[in-house]
Amino acid sequence: MDPFGLFCTGALLACGLYWFVCLLGPAEQKGKRAVDLSGGSISAEKVQDNYKQYWSFFRQPKEIETAEKVPDFVDTFYNLVTDIYEWGWGQSFHFSPSIRGKSHRDATRLHEEMAVDLIEVKPGDRVLDVGCGVGGPMRAIAAHSRANVVGITINEYQVNRARLHNKKAGLDSLCEVVCGNFLEMPFKDNTFDGAYSIEATCHAPKLEEVYAEVFRVLKPGSLYVSYEWVTTDRYRGDNPEHVEVIQGIERGDALPGLRNYKDIAEVAKKVGFEVVKEKDLAKPPALPWWTRLKMGRIAYWRNHILVTVLASIGIAPKGTVDVHEMLFKTADYLTRGGDSGIFSPMHMILLRKPQVPPTQS
């Protein structure tokens with residue numbers, strides 16, 4: 001090859017590498033680039049060890065419900081996956097029904113806005129985001145409602161990411177982020193005018209514990225809406241394939257054990273809530289929420305090559321490849337759960353805290 005041809009080939013490869021490494025796969029508003037992937041609050045040299053520790057935390061659902069290590073289990077999970085989620089998915093760590101003529105980003109925003117519309121808050125009201133992640137829903141809800149949103153997440157790295165994004169979006173005056181456990185929230189009784197949780201309380205070992213905390217901090221008469229991960233009426237515990245899919249979802253998403261849809265309202269009533277409305281938002285006429293996962297298979301392999309290269313040359317921490325592969329396998333289980341109809345990530349329940357607390361018998 002002559003020198004000019006060699007130069008052109010080298011320049012093309014350099015440009016391709018720059019695009020592949022520096023520009024490929026940014027999250028919403030270029031929140032995260034591939035070269036910035038990390039292990040959250042975990043130092044780079046300990047990511048692989050913590051990935052192994054994550055798997056050591058995971059036990060069968062009935063056993064983990066009583067485990068005191070669940071908060072550590074969930075915290076470790078989000079240290080491992082937050083950057084990959086944000087890079088490959090966006091700043092809103094949840095699903096939404098597909099909408100004809102709308103982008104995934106717009107469908108996500110509308111799904112979030114519906115939550116705050118359901119709880120009927122006004123501009124200036126104080127609203128709680130139970131399990132806020134890096135704050136994608138918080139920002140959409142604050143911009144839409146002009147309410148003051150306070151988010152809580154157990155993961156310190158997510159707190160820092162959320163605060164950074166809030167400031168970049170010019171919404172830091174409306175959005176506050178607190179690091180804490182939603183099973184023991186650092187808020188006074190009767191503090192909030194409304195509350196919501198979007199696919200977050202599935203991480204609680206016992207749903208009644210987080211619902212009781214939300215009940216405590218809500219003002220009497222206020223509304224709380226939650227989008228819950230559940231098994232549906234199509235799930236059969238004696239079907240090996242169903243069991244495999246649900247356990248695959250649990251293992252890959254740091255879940256102590258998925259609940260049946262029938263249990264949600266009973267738990268809510270047990271802690272004192274009135275059930276206003278309950279509906280599985282994944283059921284027809286809603287379009288499949290898992291379409292985005294199916295469409296992302298090519299992107300996964302492209303991204304997996306990138307993560308492997310970055311890890312091999314020391315830019316991404318060791319263990320990142322394992323985490324990325326785990327999330328791909330989980331995406332397959334989620335898709336199978338959606339296709340078969342045995343799993344829903346958006347069983348919506350709207351609850352009200354009574355004006356007068358129920359008397360104790």
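One is the number of the first residue; the rest follow in order along the sequence. Given the structure is predicted, the values throughout are model-derived calculations rather than measurements.
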Is a side-chain N or O of Gln48 found less than 3.5 angstrom from the main chain of Lys318, in a donor-acceptor match? no

Identify, with sequence neighbours excluded, every residue that meets side chain to side chain donor-acceptor pair (under 3.5 Å) alongside Asn190. Lys353

Return the minimal non-hydrogen interatomic distance between Glu213 and Leu183, and the atom names on each side. CG-O, 3.2 Å

Side-chain donor/acceptor of Arg236 to backbone N/O of Asp233, under 3.5 Å: yes

Let me confirm one number: the CD1-CZ distance from Ile119 to Phe192, rounded to the nearest 0.5 Å. 11.0 Å

Between NZ on residue Lys102 and OG on residue Ser96, distance to nearest 0.5 Å: 12.5 Å

State, to 0.1 Å, how close Ala142 and Cys175 come at their nearest heavy-atom pair, and which atoms those are. CB-SG, 3.6 Å

Count the heavy atoms belonging to other residues, nucleotides or ligands that lie under 6.0 Å from CD of Glu241, then report whether that count exceeds 12. no

Identify the two heavy atoms, one from Ser92 and one from Thr108, that lie closest to each other, and give their separation to 0.1 Å. CB-CG2, 3.7 Å

Note, Val225 side chain near Met348 side chain (heavy atom, < 4.5 Å): yes

Say whether Val243 and Leu255 are linked into one hydrophobic cluster, either directly or through other cluster members, by side-chain heavy-atom distances under 4.5 angstrom. yes

Are the side chain of Ser340 and the backbone of Arg336 linked by a donor-acceptor contact shorter than 3.5 Å? yes

Excluding sequence neighbours, so at least two apart, what forms side chain to side chain donor-acceptor pair (under 3.5 Å) with Asn260? Thr231

Do Tyr78 and Val74 touch side chain to side chain, with heavy atoms closer than 4.5 Å? yes

With ring centroids as reference points, do His203 and Phe73 lie under 6.0 angstrom apart? no

So which residues get pulled into Ile99's cluster when ILVMFWY side chains under 4.5 Å apart are joined, directly or through others? Leu110

Residue set satisfying ring-ring contact (aromatic ring centres under 6.0 Å, His included) with Phe93, at least two apart, ordered chain then number -> Tyr85

Under 3.5 Å: donor-acceptor pair, side chain of Thr82, backbone of Gln158: no

Value for CG (Asp253) from CG (Leu334), rounded to nearest 0.5 Å, stands at 5.5 Å

Any heavy-atom pair between the side chains of Leu174 and Met138 that's under 4.5 Å? no

Under 3.5 Å donor-acceptor, Ser344 side chain and Asp280 backbone: no

Cluster question for you: counting only ILVMFWY and a side-chain heavy-atom cut-off of under 4.5 Å, with indirect links fine, are Val177 and Leu171 together? no

Check whether any side-chain heavy atom of Met346 lies under 4.5 Å from a side-chain heavy atom of Ile198, and answer yes or no. no

Only pairs under 3.5 Å count here: list side-chain donor-acceptor contacts from residues 122-129, not counting sequence neighbours, and write none if there are none.
from   : atom 1 : to     : atom 2 : distance (Å)
Asp125 : OD2    : Lys122 : N      : 2.8
Asp129 : OD2    : Tyr196 : OH     : 2.7

Listing request: all side-chain hydrogen bond (donor to acceptor under 3.5 Å, both in side chains) pairs with a residue in residues 131-147, at least two apart in sequence or in separate chains. Gln91-Arg139, Asp117-His144, Arg139-Asn166

When you check the side-chain N and O atoms of Ser197 and Ser226, is any donor under 3.5 Å from an acceptor? yes

Side-chain (His242) to main-chain (Gly237) donor-acceptor, under 3.5 angstrom: no

Considering residues at least two apart in sequence or located in another chain, which fulfil the ring-ring contact (aromatic ring centres under 6.0 Å, His included) criterion with Phe343? Trp229, Trp289

Trace of the side-chain contact (heavy atoms from CB on, under 4.5 Å) decision for His111 with Leu281: CA-CA 10 Å; His111 194 55; Leu281 301 177; 3.8 Å; yes

Given Tyr157, which partner from the list Asp83, Asp75, Asn79 fulfils the side chain to side chain donor-acceptor pair (under 3.5 Å) test? Asp83

Shortest non-hydrogen contact from Thr320 to Val47? N-CG1, 4.3 Å

Could you please spell out the steps behind the side-chain contact (heavy atoms from CB on, under 4.5 Å) verdict for Trp87 and Val307? CA-CA 11 Å; Trp87 169 56; Val307 169; 3.7 Å; yes

Pairwise side-chain contact, Cys179 with Ile154, heavy-atom cut-off 4.5 Å (strictly under): no

Strictly by ring pair (Phe, Tyr, Trp, His ring centres under 6.0 Å), give each pair with a member in residues 257-276 just once, sequence neighbours left out. Phe215-Phe273, Tyr224-Phe273

Measure the shortest side-chain to side-chain distance between Ile152 and Phe187 over non-hydrogen atoms and say whether it is less than 4.5 angstrom. yes

For Glu274, look at atom CD and say whether over 12 heavy atoms of other residues, nucleotides or ligands are found less than 6.0 Å away. yes

Ile264 side, atom CD1; Leu207 side, atom CG - distance, nearest 0.5 Å: 5.0 Å

Closest contact, heavy atoms only, Gly221 versus Gln355: CA-NE2, 3.6 Å

Answer yes or no: is there a donor N or O on one side and an acceptor on the other, between the side chain of Ser222 and the main chain of Leu218, under 3.5 Å? no

Sorted by chain and residue number, the side chain to side chain donor-acceptor pair (under 3.5 Å) partners of Arg163 (sequence neighbours excluded) come out as none

For residues 182-200, pull every pair meeting salt bridge (charged side-chain N to carboxylate O under 4.0 Å, His left out), keeping only residues two or more places apart or in separate chains. Asp189-Arg216, Asp193-Lys219

Between Arg109 and Glu113, is there a side-chain N and carboxylate O pair less than 4.0 Å apart? yes

side-chain contact (heavy atoms from CB on, under 4.5 Å) between Val121 and Val116, intermediate numbers included: CA-CA 7 Å; Val121 295; Val116 75; 3.5 Å; yes

Contact summary for Ala195 and Val214, nearest pair of heavy atoms: CB-CG1, 4.1 Å

Who pairs with Tyr333 by ring-ring contact (aromatic ring centres under 6.0 Å, His included), at least two apart in sequence or on another chain? none

Any side-chain heavy atom of Glu278 within less than 4.5 Å of one from Leu350? no

Please tell me if the side chains of Leu80 and Asp322 come closer than 4.5 Å, counting only heavy atoms from C-beta onward. no

Is the terminal nitrogen or CZ of Arg292 (NZ for Lys, CZ for Arg) located under 6.0 angstrom from the six-membered ring centre of Trp89 and within 45° of that ring's axis? yes

Output yes when a side-chain donor or acceptor of Glu250 lies under 3.5 Å from a complementary backbone atom of Leu258, and no otherwise. yes

For Tyr211 and Ile349, run side-chain contact (heavy atoms from CB on, under 4.5 Å): C-alpha distance rounded to whole Å, both residues' side-chain angles, the deciding distance at 0.1 Å, then the answer. CA-CA 12 Å; Tyr211 275 16; Ile349 188 163; 3.7 Å; yes

Kindly write out the residues that satisfy ring-ring contact (aromatic ring centres under 6.0 Å, His included) with His104, not counting sequence neighbours, or none if the list is empty. none

Give, for atom NE2 of His324 and atom OG1 of Thr308, the distance between the pair rounded to the nearest 0.5 Å. 8.5 Å

Among Lys262, Lys270, Lys269, which one satisfies salt bridge (Lys or Arg N to Asp or Glu O under 4.0 Å) with Glu266? Lys269

